[in-house]
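None of the values given here were measured: they were computed from a predicted structure.
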Amino acid sequence: MPRYVVEAKLDQRRKNILHRIVRKFQKADKQLQRAEPGEKYLPTKLYGPICTPHKQLGDWGLGFGLYFSTLRAITVLTFCAGLLNIPNLIYFSSESYSSGQDGVIPLLQGSAICTDTRWVPCPNCTSGDFEATRFAYGTNDAGLNVTFVLRNTCEGATIEQGFTNYASLMLIMLGTVFLNRYLKRMEVAFDEDEQTAQDYSIVIGNPPGDATDPDEWRIFFHDCFDGAKVTALTVAVDNDLLVRSLVERREKLREIEMMVEPGTSLDTLTLAGIAAKQERERSVWGRWKSMIIPGIPELFSRTVVLTAKVQGLAQQDYPATNVFVTFETEADQRRVLRALSVGSWDVQRNRQSAIADPKHLFRSELVLSVHEPDEPNTVRWQDLNEKFKDRLKQQCLTTLCTLTAIILIAFVIFLVNEQSITFSAFAIAIFNSIFPLFAKLLTGMEAHSSEGGKQRSLYFKIAVFRWVNTAVVITIITPFTSTLTDGGLVNQIYALFFAEIVTTNAIQLLDPVGHFQRHFLAPRAKTQDAMNLCMQGQQVELAER
């Protein structure tokens with residue numbers, strides 16, 4: 001759980017050390033300083049779920065700070081829209097609209113549900129336009145067969161209700177404009193409150209392929225920008241396959257380490273002996289099980305393949321693709337950005353006249369593509385150099401899978417809705433809770449150069465699914481003539497909101513996966529590290545929030 005540093009009764013020496021550390025980060029308004037994970041030397045406290053200042057929410061990242069800012073702003077906006085609609089609620093629940101809406105459940109009284117109905121002849125109506133309970137055949141006084149439908153006799157929305165609805169719409173539209181400006185201000189406030197490596201860094205997106213020597217770049221910035229001091233410099237090369245292979249090999253070795261007895265050597269000969277022994281002693285069920293859940297023999301075989309692959313890839317030469325430069329001062333970063341920032345068209349054509357000072361051309365001939373990078377912990381090094389065409393293919397494939405899932409689940413909801421609107425509402429809520437797991441699997445198949453790009457892709461999938469699953473499907477499967485009837489569209493929306501409130505919060509509060517890991521898997525873990533992994537909380541995806 002997140003904690004922040006506090007002062008406590010300490011001896012004078014430790015207190016002086018604590019004051020020096022905390023003063024580096026705290027401002028005059030005594031803002032909270034987030035403690036590092038595993039901090040055990042400084043006194044800390046849990047962040048309060050209610051009393052934590054809003055400006056401190058940026059401690060978990062700019063995205064989370066803006067998420068809570070958006071949540072607060074939309075809460076105020078929708079509350080004001082609700083107050084504006086009070087006259088409509090009073091009118092729809094009055095005797096003049098539908099005789100007080102007799103028989104309507106209390107929470108829906110004040111909606112546009114109409115309970116005053118009567119049967120009227122409708123020669124041109126068909127059974128497909130109405131529910132079975134609102135459509136009938138009969139004879140008139142002349143003995144002729146006539147089609148009858150159940151008609152709502154309520155007066156409907158008057159001009160006063162129309163103006164109230166338009167006023168609500170204008171409030172939401174203007175509120176959205178102001179929300180955009182508010183979030184930009186909060187973005188600046190959160191960014192200024194947190195000093196990160198991004199504030200001191202730049203990234204060069206078009207270095208020459210042979211410019212892999214860090215010293216050449218250091219000399220360039222030092223000589224061309226009046227002694228600008230480079231604190232850290234990383235030359236990224238086009239070795240994504242090598243990095244992915246190294247990461248996968250490390251993960252396989254980590255899984256093996258979790259399975260063997262503590263203290264077992266992980267050298268190749270020892271692991272080969274353990275894998276051979278286990279494979280020899282396997283039963284028929286064990287061999288079938290290993291096809292689904294890999295054991296040590298499968299993991300070791302994959303590790304051997306990856307080791308050989310890494311050895312081969314390590315012998316290759318790779319061109320430079322990006323250069324990340326971190327300066328000693330923020331002023332140096334701003335100065336370099338001002339001098340080297342030009343349009344993408346000028347960079348592609350290498351238009352040297354776009355650079356004011358010719359000495360700012362790299363190797364006296366190249367216009368550099370320079371901008372502020374993502375945060376270091378958001379860079380996805382395994383996918384940093386994926387080609388645009390390959391990324392486009394991957395995202396088209398995952399989008400197609402998302403649309404297929406939407407169509408299939410919409411059909412399931414249609415079938416369930418024919419049985420009960422309550423069951424269909426809970427089905428929608430459950431699918432809305434489960435689909436993000438499927439969306440994460442799809443997004444994991446895509447290559448993104450930063451976590452921000454990955455979160456945007458995940459958000460798009462979840463948002464489209466929930467919008468279609470919640471709003472579009474309900475509108476399609478509910479006949480238009482059942483919009484205002486008791487048991488029609490309004491009841492469907494009410495049941496859906498209630499199901500979302502219950503299922504979403506119940507799943508988060510009960511945390512079944514977390515309890516299974518903490519109470520079943522953790523006690524059976526063979527190592528301390530394996531147990532610690534089981535005790536971690538659930539990962540929070542900003543896109544899902």
Side-chain angles (χ1 to χ4, degrees), residues 29 31 52-92 110-112 157-194 196 198-199 337 341 343-344 371-372 374-375 378 399 432 436 439 450-475 489-490 493 496-497 500-501 504 540-545:
D29 56 358
Q31 68 175 25
T52 300
H54 181 76
K55 62 184 178 181
Q56 292 294 137
L57 298 176
D59 291 355
W60 287 271
L62 186 62
F64 278 97
L66 293 177
Y67 161 71
F68 284 107
S69 299
T70 306
L71 197 63
R72 182 171 69 172
I74 290 181
T75 301
V76 174
L77 183 60
T78 52
F79 178 74
C80 293
L83 293 179
L84 191 61
N85 278 271
I86 289 179
N88 281 7
L89 301 179
I90 296 175
Y91 167 72
F92 288 129
S111 66
T158 64
I159 190 171
E160 289 82 3
Q161 281 68 57
F163 277 122
T164 300
N165 290 336
Y166 278 119
S168 301
L169 178 62
M170 293 302 298
L171 175 65
I172 296 297
M173 293 176 64
L174 292 175
T176 304
V177 174
F178 284 107
L179 173 62
N180 183 44
R181 296 183 179 180
Y182 167 71
L183 291 179
K184 288 182 178 179
R185 291 200 303 269
M186 293 305 302
E187 181 180 3
V188 174
F190 286 134
D191 186 55
E192 291 179 348
D193 187 62
E194 301 294 327
T196 63
Q198 182 185 33
D199 300 321
L337 280 177
S341 294
S344 58
H371 58 273
E372 194 172 71
D374 297 309
E375 292 290 353
T378 66
T399 301
N432 282 347
S450 68
E451 282 296 329
K454 179 183 176 182
Q455 292 296 316
R456 281 191 294 271
S457 178
L458 179 60
Y459 170 77
F460 170 77
K461 294 178 179 62
I462 295 176
V464 170
F465 175 85
R466 287 180 172 170
W467 172 62
V468 174
N469 194 40
T470 303
V472 177
V473 173
I474 292 296
T475 304
L489 181 62
V490 177
I493 296 172
L496 178 59
F497 283 173
E500 287 280 4
I501 292 172
T504 303
V540 177
E541 297 283 357
L542 183 61
E544 188 176 355
R545 295 295 93 207

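Of all heavy-atom pairs spanning E375 and Q198, the tightest one is OE2-OE1, 3.0 Å. The shortest non-hydrogen separation linking T75 to T78 is O-OG1, 3.2 Å.
Between L458 and E544, the closest side-chain pair of non-hydrogen atoms is not below 4.5 Å. The shortest distance between side-chain heavy atoms of L169 and N165 does not fall below 4.5 Å. Taking 4.5 Å as the limit, some side-chain heavy atom of F190 sits within range of a side-chain heavy atom of H54.
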request  = May I have the step-by-step check of side chain to side chain donor-acceptor pair (under 3.5 Å) for N432 and E500, ending in yes or no?
outcome  = CA-CA 9 Å; N432 282 347; E500 287 280 4; 2.5 Å; yes
inquiry  = Checking R72 against Y67 for the side chain to side chain donor-acceptor pair (under 3.5 Å) test, could you report, in this order, the C-alpha distance in whole Å, the side-chain angles of both residues, the deciding distance, and whether it holds?
reply    = CA-CA 9 Å; R72 182 171 69 172; Y67 161 71; over 6 Å; no
request  = Go through Q161 and Y91 one step at a time and tell me if the side chain to side chain contact (heavy atoms under 4.5 Å, CB included) criterion holds.
outcome  = CA-CA 8 Å; Q161 281 68 57; Y91 167 72; 3.4 Å; yes
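Within the 3.5 Å criterion, the main-chain N or O of D374 finds no donor-acceptor partner in the side chain of T378.
Taking CZ of F64 as the reference point, atom CG of L542 lies at 5.0 Å (rounded to 0.5 Å). Distance CG/D199 to CD/E372: 6.5 Å, rounded to 0.5 Å. S69 contributes atom OG, which lies 9.0 Å from atom CG of L62 (distance to the nearest 0.5 angstrom). For the atom pair OG1 of T475 and CG of L489, the computed distance is 6.0 Å after rounding to the nearest 0.5 Å. With rounding to the nearest 0.5 angstrom, the CG atom of L179 is 11.5 Å from the NZ atom of K184. With rounding to the nearest 0.5 Å, the separation of OG1 in T164 from CG in L89 is 10.0 Å.
When the side chain to side chain contact (heavy atoms under 4.5 Å, CB included) test is applied to V468, the partners found at least two apart in sequence or on another chain are I406, V464, V472, V473. Under the ring-ring contact (aromatic ring centres under 6.0 Å, His included) criterion, F460 pairs with no residue at all, not counting sequence neighbours. Applying the side-chain hydrogen bond (donor to acceptor under 3.5 Å, both in side chains) criterion to S457, with sequence neighbours excluded, gives E446, K461. Annotation: side-chain hydrogen bond (donor to acceptor under 3.5 Å, both in side chains) contacts of S168 (sequence neighbours excluded): N85. For A81, the side chain to side chain contact (heavy atoms under 4.5 Å, CB included) partners are L171, I172, not counting sequence neighbours. Here Q455 pairs with E541 under the side-chain hydrogen bond (donor to acceptor under 3.5 Å, both in side chains) rule; sequence neighbours left out.
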